[in-house]
Amino acid sequence: MTDTLRTPPPPPPTAAGQHRRPFTLDPGRWEAERSRALRTGHVRDHTCTAECEPVLVYERTRWGWLAWTVPGDGTRPELPHQIGILTPYATRTQSLATRWLIRRPDQRLGLAPTVPGSLRPLAVAVAVISLAVGLFAMAHGLPVDVALPEMVLAPLLAEHLPGRLDARAREHVRSVEGDGACRYLQRLASLHTSLVQAAAGSNRYELRRSAEIGQHTLWDAAGLLQTQDTRSAAADLIARERLMVQLADQAAQILKRTPGPANADQARKPEQPLGPYPPGLRPAPHHTPGTLSLKEALHMPQPQPGPDDRTADVYLLFAHEPYYPGPGTQEINTTVVTANTLLHPQVQQPDGARIHDLLTRGRQPGEIIPLATLTHELNGGADWPTVGDWESVTTDLLRLVREGECNALSLGLPEIARALICTGPHSHVRTYDAAADQFIAYGPTERAAVLAEVDKFLACIVAEQDL
């Protein structure tokens with residue numbers, strides 16, 4: 001008895017490589033579509049001219065579709081002819097619109113050789129049926145003035161209604177064509193597919209949110225490519241591709257750290273929101289001699305991160321209009337949240353994700369970054385429009401904190417301290433002392449002392465419960 005040597009099937013392609021060829025996960029589907037194209041349509045070969053309309057094979061995805069041409073030499077194409085992106089947060093009706101748009105095109109029926117134009121086969125069939133039904137109805141007493149309009153309107157409706165439906169469906173989809181635009185969007189779509197697959201196989205909020213942001217990024221990029229060429233929109237396109245690469249990398253890291261089945265229920269258990277918490281109300285935690293607190297461990301000498309390194313364990317500090325969380329409580333005028341709070345679904349996106357990218361770039365673990373520091377890094381605020389609407393983002397963050405939807409450290413800073421964290425790291429705040437008739441200047445040293453004091457309060461909170 002002998003055993004036949006069997007060659008193992010090739011491993012499934014990675015998500016990043018799925019859209020480099022049509023139907024990578026289902027080669028049989030491509031062969032079937034190619035055979036149909038050879039029978040019924042015009043394939044792309046040496047006989048093609050500028051007026052040729054080769055048949056398109058549509059590959060539908062969760063985020064839209066890719067339309068491929070069929071080369072005449074039998075090879076599989078490497079570049080889509082068209083890519084369509086579905087609107088973020090699409091309803092079921094809007095998702096069905098993509099299926100309508102990528103239906104197989106109607107075969108038009110030409111009129112007489114001397115009469116220009118053509119008709120849809122459906123319109124011809126409806127005309128024949130309506131004629132037969134109308135004649136039958138008139139023979140049984142239906143007035144001619146009632147039957148005749150219906151006999152005329154039915155085929156007209158069948159001829160023009162699909163075009164109206166196409167126009168309505170295109171309102172929910174952005175499609176691009178051209179080698180440059182499709183090549184860029186193809187790379188972006190491959191990265192987004194990895195996010196969608198990671199979110200589909202996990203219940204982690206971070207993965208689901210990454211997939212949502214990826215869909216927004218695809219939608220924005222398609223909008224840019226519809227109105228500009230790749231050269232004029234290069235800076236914005238590069239920023240979106242960088243964001244997508246970072247999301248894909250973060251998703252891969254999260255999947256590596258995902259706990260096993262034994263810890264799955266514990267990992268899914270939500271933490272209670274900390275809510276507004278004025279400083280100074282809790283005693284500093286007691287530490288056993290010879291051990292380091294969490295913040296002390298974080299502040300030990302470490303290698304300096306590079307400008308492109310990402311540090312997730314950082315905090316955003318921002319000032320806002322004062323409010324009182326309850327009767328007799330201290331005024332709250334400044335808030336500290338973790339960087340990941342910027343990815344919350346109720347924070348304006350993709351602005352929150354872009355500020356998150358800026359906040360976590362080249363930082364030390366545990367570092368508190370005032371919003372004014374980001375403004376300083378963005379050319380004194382001149383580059384904020386290229387990142388996002390920080391006012392809307394901080395407004396959304398404050399609403400989350402006040403509604404108890406996220407953990408935060410809420411502070412009531414004195415006037416001078418609050419003014420210092422609202423300025424850049426090298427700026428000065430001057431006050432006038434009327435009693436001494438002189439000006440007093442506060443600068444980077446005093447600003448650093450304020451941040452050190454905030455860090456102390458944050459250490460008390462983090463030692464008991466992570467934000």
Side-chain angles (χ1 to χ4, degrees), residues 235-236 238-239 242-243 246 295 298-299 302-322 333-343 347-398 401 408-431 439-458 467:
D236 291 332
I238 290 172
R242 182 183 293 117
L243 172 61
Q246 292 164 1
K295 282 292 178 178
L298 291 176
H299 290 162
Q302 302 176 21
Q304 292 296 322
D308 293 328
D309 291 341
R310 297 290 181 273
T311 305
D313 183 25
V314 296
Y315 302 89
L316 174 66
L317 182 150
F318 62 96
H320 47 75
E321 289 295 324
N333 54 32
T334 310
T335 298
V336 181
V337 296
T338 61
N340 284 342
T341 311
L342 290 160
L343 304 178
V347 175
Q348 178 168 302
Q349 301 295 347
D351 304 59
R354 293 170 183 160
I355 297 176
H356 175 274
D357 172 61
L358 181 65
L359 181 68
T360 58
R361 186 183 304 171
R363 313 296 182 185
Q364 288 284 0
E367 189 173 359
I368 300 174
I369 311 297
L371 183 67
T373 299
L374 300 183
T375 300
H376 169 76
E377 294 173 353
L378 291 172
N379 194 21
D383 295 336
W384 265 121
T386 65
V387 176
D389 184 356
W390 64 267
E391 291 180 300
S392 297
V393 168
T394 53
T395 299
D396 292 342
L397 290 173
L398 183 60
V401 173
L409 170 62
S410 299
L411 303 167
L413 294 182
E415 183 179 359
I416 299 299
R418 186 171 182 270
L420 284 169
I421 61 100
C422 288
T423 61
H426 307 299
S427 301
H428 290 77
V429 174
R430 299 180 68 196
T431 63
F439 288 94
I440 303 175
Y442 302 89
T445 302
E446 290 77 16
R447 186 178 190 267
V450 173
L451 291 177
E453 190 70 16
V454 174
D455 184 80
K456 257 200 249 180
F457 290 121
L458 185 61
L467 289 184

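None of the values given here were measured: they were computed from a predicted structure.
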Just checking, is any N or O donor in the side chain of Thr338 or Thr341 under 3.5 Å from an acceptor N or O on the other one? yes
Under 3.5 Å, is there a donor-acceptor pair between the His320 and Thr335 side chains? yes
Spatial distance of atom CD1 (Ile369) from atom CZ (Arg361) [nearest 0.5 Å]: 13.0 Å
Which atom of Gly424 lies closest to which atom of His376, heavy atoms considered: CA-CB, 4.4 Å
Report yes if some heavy atom in the side chain of Ile416 is under 4.5 Å from a heavy atom in the side chain of Leu420; otherwise report no. yes
Output for pair (Ile355 CD1, Trp390 CH2), nearest 0.5 Å, gives 9.5 Å
Approximate separation, where rounding is to 0.5 Å, of Leu374 CG and Asp383 CG: 12.5 Å
Member of Asp455, Leu316, Leu409 meeting the side chain to side chain contact (heavy atoms under 4.5 Å, CB included) criterion with Val336: Leu409
Nearest-0.5 Å distance, CG of residue Asp357 to CD of residue Gln246: 3.5 Å
Straight-line distance of His426 NE2 to Thr373 OG1, nearest 0.5 Å: 9.0 Å
Do you know the tightest heavy-atom contact between Arg447 and Ala372? NH2-CB, 4.3 Å
Within the structure provided, determine whether Arg418 and Glu415 are in side-chain contact (heavy-atom separation under 4.5 Å). no
If you round to the nearest 0.5 Å, how far is CG of Asn340 from OH of Tyr315? 10.5 Å
Do Leu378 and Leu358 have side chains that approach each other closer than 4.5 Å (heavy atoms only, starting at C-beta)? yes
Considering all heavy atoms of both residues, which atom of Val450 and which atom of Ala417 are nearest to each other, and what is their separation? CG2-CB, 3.8 Å
Just by distance, do the side chain of Arg354 and the backbone of Ala239 share a donor-acceptor pair under 3.5 Å? no
With Leu371, which of Leu317, Ile421, Val393, Thr394 fulfils side chain to side chain contact (heavy atoms under 4.5 Å, CB included)? Thr394
With a 4.5 Å heavy-atom cut-off, do Ser392 and Asp351 have their side chains touching? no
